[in-house]
Structure formats: C-alpha cells, structure tokens
There are 4 protein chains.
Amino acid sequence: MYLTLDLQSDVPIYQQIRDRVVEQIAMGEARRGDPLPSTRQLAADFGVNFHTVNKAYDLLRQEGIIRINRKSGAVVHKDQHLGHPVDDAFVRAWRDRLRVLLAEATVQGVHHQDVLVHCAELLGTFKAGEDT
Amino acid sequence: MYLTLDLQSDVPIYQQIRDRVVEQIAMGEARRGDPLPSTRQLAADFGVNFHTVNKAYDLLRQEGIIRINRKSGAVVHKDQHLGHPVDDAFVRAWRDRLRVLLAEATVQGVHHQDVLVHCAELLGTFKAGEDT
Amino acid sequence: MYLTLDLQSDVPIYQQIRDRVVEQIAMGEARRGDPLPSTRQLAADFGVNFHTVNKAYDLLRQEGIIRINRKSGAVVHKDQHLGHPVDDAFVRAWRDRLRVLLAEATVQGVHHQDVLVHCAELLGTFKAGEDT
Amino acid sequence: MYLTLDLQSDVPIYQQIRDRVVEQIAMGEARRGDPLPSTRQLAADFGVNFHTVNKAYDLLRQEGIIRINRKSGAVVHKDQHLGHPVDDAFVRAWRDRLRVLLAEATVQGVHHQDVLVHCAELLGTFKAGEDT
DNA sequence: GTGGTCTAGACCACG
DNA sequence: GTGGTCTAGACCACA
C-alpha cells in the first residue's frame with residue numbers, strides 16, 4: 001500500500017494518513033483481512049512522529065474501518081463488499097458534509113452536470129475494486 | 001437569512017457560519033447584492049463573540065463569495081448566476097476533498113448508485129435557486 | 001477635473017478622493033490657483049456623504065497641497081512647478097513607504113529592471129504636465 | 001531576523017510587522033525555507049499581543065510569502081530567486097499604489113530624476129540579496 | 001450605525 | 001513546543 005502525504009498542507013498529517021487509507025480501501029487496493037503497515041514502519045517512511053500514525057490508525061479503528069490486534073497489527077475490517085447494513089447516523093453526517101461541498105462548487109460556478117461528472121468519475125476509480 | 005449553528009459540534013463555529021452562508025447562496029436564498037446580517041448582530045443572535053462571526057465573514061471575503069463595505073456591511077458577491085469562469089485551482093482542491101468523501105461512503109458500504117442519488121437530490125435543492 | 005472612485009474598494013473613499021486629486025495635480029491637469037469642485041458638488045456627483053469629501057479636502061489642506069477659502073472654495077496651492085524646497089520630513093516618510101512597495105514587488109518576483117520601467121512610465125505621464 | 005516597530009505610528013502594528021518581514025526577505029536577510037520567529041515569541045519581544053503577530057503572519061500566508069506549519073512554525077516560502085511567474089493581478093494593483101506614491105512626490109516638488117535615484121538606491125539594497 | 005484594531009487570557013489540536 | 005479557536009471588552013475609523 002503506497003501512501004503519499006503533503007507535509008506542507010494545512011490538513012493535519014494524521015488526517016491525511018487516515019484519508020489515504022480510506023481511499024486505498026475504496027479503490028480495492030486493500031480488502032478485508034489485509035494488513036496495514038505497522039505504525040512504526042509508516043512513521044519511519046514518512047519521517048513523521050510515531051504518535052501521529054497511531055492517531056490516524058485509532059481514528060480508523062473508531063470508524064470501524066480497521067481492527068487492531070496486538071499480535072498481528074492493524075488489518076482492514078470494512079470494505080465495500082462486506083454487505084453490512086449502512087449506519088444511518090453515518091449517512092446523515094456524511095450527507096451534511098456532502099451538502100456543504102456541493103454548495104461550494106455551485107457558488108463557485110461549477111455546473112451541476114459537471115459536479116455529477118466529477119462524482120461519477122471518482123466513483124469509477126472505486127468501481128474497479130468492486131469488479132475484482 | 002436564517003442560519004442554524006451547533007455550538008456543541010467539533011466543527012469550528014466560524015466554519016459553520018461560513019458553511020451555512022455558502023449553502024444559503026447555493027440554494028438561491030441569497031443572491032448577488034443581498035446584504036448579510038452585520039457581524040455584531042449575527043453574533044448577538046447566536047450568542048457568540050463578534051470576532052468569531054468576523055472570522056467567518058473574512059473567510060467568505062477571501063473566497064470572493066462576499067464583499068465587505070465599511071458602510072453597508074457584507075453583501076453577497078458571487079452566486080451560481082454570475083457566469084464567471086471557474087478557477088482551476090479551486091476545482092482541483094475541491095475534487096480532492098470530494099474524492100475522500102466519496103471514498104468514505106464507499107468503504108462504509110453505500111452503493112455508488114445511492115451516492116449519485118444523494119448528489120442529485122442535494123443539487124436539486126440548489127437547482128430551485130437557478131429556476132427563480 | 002474628472003475623478004473616478006471605486007466604492008467597492010477597501011481603500012477608504014476619502015483616501016481615494018485625496019489620491020485622485022494628487023494624481024490630477026501631478027499630471028498637470030490642475031495647477032496652482034486652479035479651483036477644485038465644491039465639496040457639495042463632488043459629494044453629489046459621487047453619491048457619497050458630504051463629510052467624506054470634506055475629510056479628503058482637509059487631508060489635502062494639511063499636506064499643503066490645497067488652500068481652502070470660505071469665499072472661493074478650495075484651490076490648488078502646490079504643484080511641481082512651485083520651486084519650493086522639498087520638506088525633508090516628507091521625503092523620509094515617503095521613502096519608507098517606497099521601500100515597502102519596492103520590497104513587495106521584489107519578493108513577488110518582479111525584476112528590478114521592470115520596477116524601474118514602471119516608475120519611468122508613470123513619471124512620464126506626469127512629465128507631460130511639466131512641459132505645459 | 002531583527003525587526004523594528006513603531007508602536008506610536010498610525011500604521012497598524014500587524015501591518016508594520018508584515019512590512020518588515022517583506023523587507024527582510026527582499027533584502028535577502030531571510031530566504032526560502034528560513035524560519036520566522038514563533039508568533040508568541042515575536043509578540044513577547046515586541047510587547048504586543050500574540051493575536052497581532054498572528055494577523056501579520058496570516059496576511060503573509062495569504063500573499064503566499066510564508067508557509068505556516070503547525071509543527072515548525074512559519075517559514076519563508078517566496079523570495080526573489082524563486083523564478084515563479086509574476087501574478088498579473090498583483091502587478092496591476094501594485095502599479096496603482098506606485099502611481100499614487102510617485103504623484104505625491106511629484107506634487108511635493110521632488111524632481112523625477114531624484115525619484116528614480118531613490119528607487120535605484122532602494123532596489124540596490126535588495127540587489128545585495130540577489131548577488132549572494 | 002458599520003467594520004477594524006488591539007489587548008488579555010483561556011483552552012484545545014498538532015506533532 | 002507550535003499554532004488555532006473562542007471569549008470579552010476597549011477604542012478607533014469610516015460613512
């Protein structure tokens with residue numbers, strides 16, 4: 001699993017790590033049961049603090065996306081093929097964030113049709129994982 | 001313009017104010033030239049400090065969404081009818097944020113079709129403003 | 001004397017009026033003894049408050065650029081042909097402001113040669129007045 | 001980086017701080033990657049509130065002159081050696097401010113030749129940084 | 001009336 | 001350690 005970070009970004013590093021992991025899973029690059037790099041390994045690769053990676057993994061654990069075992073380290077727990085019912089609370093909060101994002105694009109002059117194209121394109125990159 | 005805040009949320013208050021204003025403009029509730037409440041008025045309404053509102057307005061000003069006059073206060077400057085060219089840098093950054101959001105939904109098991117339905121529904125609430 | 005204002009600018013209106021008058025005099029459009037529009041006239045033309053124009057004229061008076069008589073109104077008092085000695089205090093303060101302006105251009109990547117070209121060009125538009 | 005302020009000046013303190021930083025960078029005293037003092041450190045040195053320094057740094061960040069990291073604080077991001085293309089909008093606004101400044105000098109009787117000498121002298125103090 | 005500036009101090013997030 | 005957020009209140013500038 002290759003992750004890329006931007007240490008200059010104003011997005012917190014732990015958030016970036018978490019985001020990249022989510023994207024990798026969505027793209028099908030990592031599936032249920034697959035192991036994640038060890039926190040120390042990742043921290044060394046990126047040259048960031050060990051606690052920072054830890055925080056990212058803890059976030060993912062709280063979201064139910066990964067499981068952390070003392071022995072085997074972190075493994076992917078949730079992916080798009082799991083078939084579990086979608087959490088209503090998640091959808092509500094997610095939709096709220098989506099509304100803001102779409103509102104921004106609308107105000108900045110992006111046509112609604114183009115917005116949908118962007119969505120479809122991005123979902124397409126995740127679809128590939130679905131077919132596997 | 002009616003705005004609602006959640007003072008308990010972990011989203012900064014100034015960010016929430018900014019988000020609500022963007023949504024209102026996207027929904028066509030406020031259009032180019034329409035005045036926004038004065039910072040101190042809005043602060044009093046929400047029971048927050050006027051500096052917090054100030055920061056939200058300053059953010060919107062930096063995004064080119066509102067203009068601030070010493071005399072008449074803040075007025076809407078950008079809406080979906082402006083016909084201005086869309087900033088490429090904005091689209092790139094916006095798409096990156098959209099990717100993360102869509103990846104989250106995918107990982108949590110939301111079907112791609114449902115994601116598109118959510119997008120279309122939300123855009124529909126903005127479309128109303130376009131028809132006016 | 002034709003003046004143009006930008007009511008949307010973040011530059012105070014009284015400052016803009018003062019700046020435009022200074023530019024007109026520098027360009028030779030108005031010379032020592034020439035009358036300025038009455039404050040009430042200018043206020044009506046621009047649709048701004050009478051006190052705002054008054055403040056601009058007062059600034060110019062303090063700078064020794066115009067004289068204000070109750071009878072004849074405001075008249076230009078200083079122009080580039082006056083031949084009076086240049087005030088040292090003015091030059092020092094002026095140079096400080098110039099330093100900041102030139103530093104900005106330098107940091108933003110404008111070549112020093114281009115800076116000098118800009119200066120020469122602008123001075124050229126004032127030179128025309130000198131020849132008159 | 002040594003900066004000097006005039007707390008009695010009518011120029012806002014945060015603006016003075018911003019100006020001094022720009023001058024230091026233009027003079028080559030601080031270059032791309034060099035760290036700036038922490039906001040609270042600088043505030044303590046000047047005897048001003050840290051919010052004031054914060055505002056100055058935020059201004060510089062918006063201008064793309066510095067970058068702010070949560071970890072290492074603020075570092076210089078732009079200097080005259082960067083070789084980036086010059087922003088047209090910046091040049092237009094900058095030239096407008098230059099016009100006013102040159103008009104003032106002209107009206108006050110400074111000869112055009114002397115104005116150019118002042119410009120060349122000041123640019124020379126920045127040139128030193130270029131040669132390094 | 002409006003927004004802008006500055007101060008002072010508390011608390012949190014990040015690394 | 002760093003910066004970010006929020007509060008509270010004072011005073012000034014602008015129109």
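Throughout, protein chains are lettered first and strands after them, A, B, ... in sequence-line order, and every chain is numbered starting at 1.
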Phosphate OP1/OP2 of [N] contacted by [X] side-chain N/O (<4.0 Å):
| X | N | value |
| --- | --- | --- |
| D/N54 | F/dG4 | yes |
| B/K71 | E/dG3 | no |
| C/Y14 | F/dA15 | no |
| B/T52 | F/dT7 | yes |
| C/K55 | F/dA15 | no |

Distance-only donor-acceptor test (3.5 Å): side chain B/R61, base E/dG4: no
Integer-rounded Å distance: [N] [atom2] and [X] [atom1]:
| X | N | atom1 | atom2 | result |
| --- | --- | --- | --- | --- |
| C/R18 | F/dC14 | CZ | P | 13 Å |
| D/L42 | E/dC6 | CG | P | 14 Å |
| B/I13 | E/dC12 | CD1 | P | 14 Å |
| D/R40 | F/dG3 | CZ | P | 7 Å |
| D/Q15 | F/dA13 | CD | P | 16 Å |
| B/Q8 | E/dC11 | CD | C1' | 15 Å |
| B/N49 | E/dG9 | CG | C1' | 13 Å |
| C/D10 | F/dA13 | CG | C1' | 14 Å |

Complementary nucleotide for E/dC14 - Watson-Crick or wobble, under 3.5 Å: F/dG1
Does [X] pair with [Y] as a salt bridge, N-O distance under 4.0 Å?
| X | Y | value |
| --- | --- | --- |
| B/R18 | B/E23 | no |
| C/K78 | C/E63 | no |
| D/D58 | D/K55 | no |

Touch class at under 4.0 angstrom, heavy-atom based, for D/Y57 against every strand present: nothing
Sugar-phosphate only, base, or nothing, as touched by B/V48 at under 4.0 Å among non-hydrogen atoms: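 Result for B/V48 = sugar-phosphate.
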Shortest non-hydrogen separation from A/L101 to B/L98 and the atoms involved: CD2-CA, 3.5 Å
Closest approach of D/P37 to D/Y57 (non-hydrogen atoms, all atoms of both residues): O-OH, 2.7 Å
Nearest-nucleotide comparison on DNA chain E, the residue closer to the 5′ end among B/Q41 and A/P12: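 Taking each residue's closest nucleotide, the earlier one in sequence belongs to B/Q41.
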Quick check for you: among [options], whose closest atom lies nearest to any side-chain atom of [X]?
| X | options | answer |
| --- | --- | --- |
| B/H51 | E/dC6, F/dG4, E/dG15 | E/dC6 |
| B/S38 | E/dG3, E/dC11, F/dA8 | E/dG3 |
| B/R70 | E/dG4, E/dA10, E/dG9 | E/dG4 |

B/F50 vs C/V11, nearer the 5' end of DNA chain F by closest nucleotide: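 That would be B/F50.
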Intermediate values then yes/no, salt bridge (charged side-chain N to carboxylate O under 4.0 Å, His left out), B/R31 and B/D34: CA-CA 6 Å; B/R31 309 188 55 164; B/D34 288 353; over 6 Å; no
